[in-house]
Every structure is written in C-alpha cells, then in structure tokens.
Amino acid sequence: DEFEKLNKGCPTSLLPDLLKNNFLEGPPLSLVKDVKDILEIWRRLKAAYGDCRYLLSKKLAEIDSIDQLKNHPLKTVEGIIKIVNLMKDLLQLAKRHGLENNLYYGNALEKIFKLIGDNRFTRWLSTSYNLSEGEEQWNHLIQFLEQEIKIYQQKALYTSKHSDSAQHGVQKPNKS
C-alpha cells in the first residue's frame, strides 16, 4: 500500500530500486534482487506471494495477537485502538480483492467479540440488532468501538480535571 502511494508520483525508472531498497527484505527481495523491470518484479511477487486469501488470513491472524481488553483503562484503550485499526485494514484488504464474504462470514467477528468482552458486546448488540449482516454490521462495530475510545478519553480528561482541582483546591481549616 505504501509503495503504491509513492508509485503515483515517482518516475517509472526509479520504481524498481525504490521498491527493493525500501519495501522488500528477506525472501521477497531475493526473488527480485536482479530484476530491473517493475512489471516483472510485480509479476514475480504476485506469483509467489499474491494469493489474496492468504493475505487476508494472515491479517486475520493478527487478531490473535491482541490481548483481551483488560480492566485497566489505558490497556483497554490501546486494545480497542488495535482492534479498530485491524478491522479497517481487513475491510480495505477484503474490498480491494473481492474477499468480503471471507471477512464477514468467517470467524473474525467471533474473535473480536471475545476480545471486547461480554459487556461491551452486549452494548453493541443492543444498538445493532436490526442491522443486516456483513459490511453494515462490520462498519457499525468499528463506529461503536471508536465511540468507546472517545468515552475513555473523555472519562480520563474528566477524572484528571477533578483530581487536579481537588489537589489544588482550598482545604478546610483544621478546627483543633
């Protein structure tokens, strides 16, 4: 994705070196190290690594690396942010390669529901029970989790303001 963004403003003659020097390493780099034609580089890379279902399943596996949301507010917010970013990446990848059904009807949502916990899942479900399955449900879950992040941020601001005012406020005089 990053390479494709740069690709749009870069002269074609520089693309092979740009790709090899900044975006590839290990076996993919070895596969195209001596190739000078960008189209041939893409052909080889896609032939070796371009199975879109594999890309999607590899991205879905990242869900397993996210810790279940803890009761600590900072860990909870970090976890929700990771989930939202991953869900957006998965959606983009699935749309780009026509794999939406693999995303919406696989076990990704169940894994995410387990991560967010029963209470948060129930709250989301109470706002989404009339949505159709698939992209509408996926996007609604992203919006719900983004709202959860904002709530945690506002709560942190509110509690820090009140604790600051309590620390700097006027204390009652001692009657002794």
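This one's a predicted model, so the numbers in the text were calculated from it and none came from an experiment.
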Practice item. Test salt bridge (charged side-chain N to carboxylate O under 4.0 Å, His left out) on E78 and K82 and set out the steps. Key: CA-CA 6 Å; E78 287 175 6; K82 286 179 183 177; 5.6 Å; no
Review point. Where do A108 and L103 come nearest, in terms of heavy atoms and distance?
Key: CB-O, 4.1 Å
Revision key, fill the gap. Rounding to 0.5 Å, atoms CD1 (I80) and CD1 (I142) come to a distance of 13.5 Å
Check your understanding: Under the 3.5 angstrom rule, does the side chain of R44 hit a backbone N or O of E40 as a donor-acceptor pair?
Key -> no
Check your understanding: Out of curiosity, Q137 CD to N130 CG, how far, rounded to the nearest 0.5 Å?
Key -> 10.5 Å
Review point. Taking NZ, NE, NH1 and NH2 as the nitrogens, is one of them in R123 or E148 under 4.0 Å from a carboxylate oxygen of the other?
Key: yes
Revision key, fill the gap. Here the gap from L115 atom CG to R120 atom CZ, rounded to the nearest 0.5 Å, amounts to 10.5 Å
Review point. Is the shortest heavy-atom distance from the side chain of D89 to the side chain of L93 under 4.5 Å?
Key: no
Point to revise | N-O pairing of E146 and K150 below 4.0 Å | key: no
Practice item. Step by step, work out the side chain to side chain contact (heavy atoms under 4.5 Å, CB included) result for E100 and K95. Key: CA-CA 6 Å; E100 290 96 334; K95 280 185 169 187; 3.5 Å; yes
**Study point:** Close side-chain approach of Y104 to L91, heavy-atom, < 4.5 Å
**Key:** yes
Check your understanding: Can you find a pair of side-chain heavy atoms, one from F113 and one from D118, that are under 4.5 Å apart?
Key -> no
Review point. Is any side-chain heavy atom of Q147 closer than 4.5 Å to a side-chain heavy atom of I151?
Key: yes
Review point. Tell me, do L141 and L109 make a side-chain contact under 4.5 Å, heavy atoms counted?
Key: yes
**Study point:** Same apolar cluster (I L V M F W Y, side chains within < 4.5 Å links), I66/Y152
**Key:** yes
Practice item. Measure across I83 and L145 and return the closest heavy-atom pair with its distance rounded to 0.1 Å. Key: CG2-CD1, 3.7 Å
Revision key, fill the gap. The reported gap from CG in L125 to CZ in F144 (rounded to nearest 0.5 angstrom) is 10.0 Å
Point to revise | Sidechain N-carboxylate O distance under 4.0 Å for K111, E62 | key: no
Practice item. With the side chain counted from C-beta on, respond yes when V77 and I81 share a heavy-atom pair under 4.5 Å apart, and no when they do not. Key: yes
Study note, to complete from the structure: Taken to the nearest 0.5 Å, the spacing of I116 CD1 from T122 OG1 works out to 9.0 Å
Check your understanding: Do the side chains of H140 and W124 get nearer than 4.5 Å, heavy atoms only?
Key -> yes
Practice item. Please name the pair of heavy atoms, one in Y105 and one in E133, separated by the smallest distance, quoted to 0.1 Å. Key: CE2-OE1, 3.4 Å
Point to revise | Separation between CD1 of I63 and CD of E110, rounded to the nearest 0.5 Å | key: 10.5 Å
Exercise for review: May I ask you to test the I112-F121 pair for a side-chain heavy-atom distance under 4.5 Å?
Suggested key: no
